[in-house]
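Input: a single structure, listed below in structure tokens.
Nothing fancy with the numbering, it's 1 onward along the sequence.
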Amino acid sequence: MSHAREDDQLILGASDRIELIATIVMALAAIATAWCAFQATKWSGIQAIEFSNANGGRVESTRADALANSQRAIDVGVFTSWLDAVAEEIETGQIPPVRENGYQPVEGTLSAFYYERMRDEFRPALDAWLAADPLNDPEAPASPFAMPEYQLAAVAESDALLEQSAQDRQDALDANQNGDNYVLTTVGFALVIFFGGVSSKLVERRNRWITIGVALVLFAGGLVAVFSLPI
């Protein structure tokens with residue numbers, strides 16, 4: 001009888017240890033589940049913000065590109081009018097032919113009127129084009145718009161905004177992936193709670209240890225996954 005009683009006490013002691021382990025694991029898994037759900041929600045918010053930034057960046061990029069097109073159209077129109085005026089004034093002798101030292105506006109002429117109203121971004125390209133002696137050198141660029149000096153700030157702004165928009169979109173996709181990873185980890189911790197709960201319902205001690213072992217393995221894997229994910 002004493003031996004049977006001792007065996008019963010050993011069984012009860014092992015059962016209590018399993019119950020304690022299962023309770024601790026399930027409690028920790030519940031905490032980890034709450035943390036993962038919180039992080040998934042936070043990353044979902046970041047995703048929404050980054051997608052909004054990406055859309056706003058594309059809109060601003062389009063506006064800057066439209067401004068650049070308008071400025072380019074103005075430059076083309078003023079340059080064409082200036083070129084016609086210069087050609088007519090050279091033909092009529094109002095101004096001398098364009099020399100290598102560049103165009104020098106003659107006060108009171110139509111070409112000077114157009115020249116003084118050229119945009120600041122366009123004039124360096126025109127001066128560089130005239131310095132290339134396009135009237136005499138067939139190798140000179142066809143127009144000032146082909147010169148590297150012709151740079152529009154609006155174009156640079158549009159490109160920068162578009163690049164930032166692409167980066168914001170990628171950040172949003174990364175945030176979405178992080179949120180999905182946290183959700184997947186939450187599922188893993190839910191399985192930990194499931195196996196921990198099942199272990200207390202089984203009768204055979206061997207089966208209880210197996211289920212609690214599965215719960216511990218899943219819990220350890222979940223912790224590794226959580227610590228590898230960005231916060």
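N181 and Q177 share a donor-acceptor pair across their side chains, judged by distance under 3.5 Å alone.
A distance of 8.0 Å separates CG of L223 from CG of L28, quoted to the nearest 0.5 Å. Considering CD of Q71 and CD of E121, their distance stands at 5.5 Å, rounded to 0.5 Å. Taking CD of Q47 as the start and NZ of K42 as the end, the distance is 14.5 Å to the nearest 0.5 Å. Between the CD atom in E60 and the CG atom in L162 there is a gap of 12.5 Å [rounded to 0.5 Å]. The structure places SG of C36 at 12.0 Å from CD1 of I31, a figure rounded to the nearest 0.5 Å. One finds the CH2 atom of W209 at 4.0 Å from the CD1 atom of I21 (value rounded to the nearest 0.5 Å).
Counting only heavy atoms from C-beta outward, the side chains of E116 and E107 never approach each other to under 4.5 Å. Proximity of I231 to W35: side-chain heavy atoms (C-beta onward) are separated by under 4.5 Å at one or more points. Counting heavy atoms from C-beta outward, E50 and N53 have side chains that approach closer than 4.5 Å.
Looking only at distances, a side-chain donor or acceptor of S61 sits under 3.5 Å from a matching main-chain atom of S158. In this structure, S52 contributes its side chain and A48 its backbone to no donor-acceptor pair below 3.5 Å. Formation of a donor-acceptor pair under 3.5 Å by the N55 side chain with backbone atoms of F51 is found in this model. Judged by distance alone, with hydrogens and angles left aside, the side-chain atoms of N176 form no donor-acceptor pair with the main-chain N or O of A172 at under 3.5 Å. No donor-acceptor pair closer than 3.5 Å links the side chain of S81 to the backbone N or O of V78. Here the side chain of E89 pairs a donor or acceptor atom with the backbone of S111 at under 3.5 angstrom. When atom types are taken as modelled, the side chain of S44 and the backbone of A40 share no donor-acceptor pair closer than 3.5 angstrom.
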Exercise for review: Just do the side chain to side chain contact (heavy atoms under 4.5 Å, CB included) check on E19 and R208 with the steps written out, would you?
Suggested key: CA-CA 9 Å; E19 289 284 352; R208 298 183 71 183; 3.0 Å; yes
Point to revise | F79/W129 under ring pair (Phe, Tyr, Trp, His ring centres under 6.0 Å): CA gap, chis, key distance, verdict | key: CA-CA 12 Å; F79 171 71; W129 181 67; 5.5 Å; yes
Exercise for review: Decide side chain to side chain contact (heavy atoms under 4.5 Å, CB included) for V106 and Y115; before the verdict, give the C-alpha distance in whole Å, the side-chain angles of both, and the deciding distance to 0.1 Å.
Suggested key: CA-CA 10 Å; V106 176; Y115 183 82; over 6 Å; no
Practice item. Give the intermediate values and the outcome of side chain to side chain contact (heavy atoms under 4.5 Å, CB included) for residues D75 and L152. Key: CA-CA 11 Å; D75 293 338; L152 299 181; 4.2 Å; yes
Exercise for review: Could you please spell out the steps behind the side chain to side chain contact (heavy atoms under 4.5 Å, CB included) verdict for T185 and Q39?
Suggested key: CA-CA 11 Å; T185 307; Q39 285 296 317; over 6 Å; no
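Partners of A132 under the side-chain contact (heavy atoms from CB on, under 4.5 Å) rule, at least two apart in sequence or in another chain, are A140, P141. With sequence neighbours left out, the side-chain contact (heavy atoms from CB on, under 4.5 Å) criterion links A32 to F189.
Transitive grouping of hydrophobic side chains (ILVMFWY, heavy atoms separated by less than 4.5 Å) brings I24 and V198 into a common cluster. Linking Ile, Leu, Val, Met, Phe, Trp and Tyr whenever their side-chain heavy atoms come within less than 4.5 Å puts V25 and F227 in one cluster. Linking Ile, Leu, Val, Met, Phe, Trp and Tyr residues whenever their side-chain heavy atoms come within less than 4.5 Å leaves Y182 and I49 in two separate clusters. Linking ILVMFWY side-chain heavy atoms closer than 4.5 Å, directly or via other members, places V76 and I74 in a single hydrophobic cluster. When hydrophobic clusters are built by joining Ile, Leu, Val, Met, Phe, Trp and Tyr residues whose side-chain heavy atoms come closer than 4.5 Å, directly or via intermediates, V217 is not grouped with V192.
For the residue pair M26 and G196, the shortest heavy atom distance occurs at SD-C, 3.5 Å. Of all the heavy atoms in A68 and V155, the pair that sits closest is CB-CG2, 3.5 Å. Here the shortest heavy-atom pairing between W43 and P230 reads NE1-O, 3.3 Å.
Y150 and F122 have perpendicular rings, their planes meeting at more than 60° on a 0 to 90° scale where under 30° would count as parallel.
The local environment of CZ in R58 is crowded, with over 12 non-hydrogen atoms from other residues, nucleotides or ligands closer than 6.0 Å. A 6.0 Å sphere centred on CD of E88 holds no more than 12 heavy atoms belonging to other residues, nucleotides or ligands.
V214 pairs in a side-chain contact (heavy atoms from CB on, under 4.5 Å) with only one of the listed residues (L218, I212, L216, T211), which is L218.
The pair E157-R63 does not meet the salt-bridge criterion, since no charged nitrogen lies less than 4.0 angstrom from a carboxylate oxygen.
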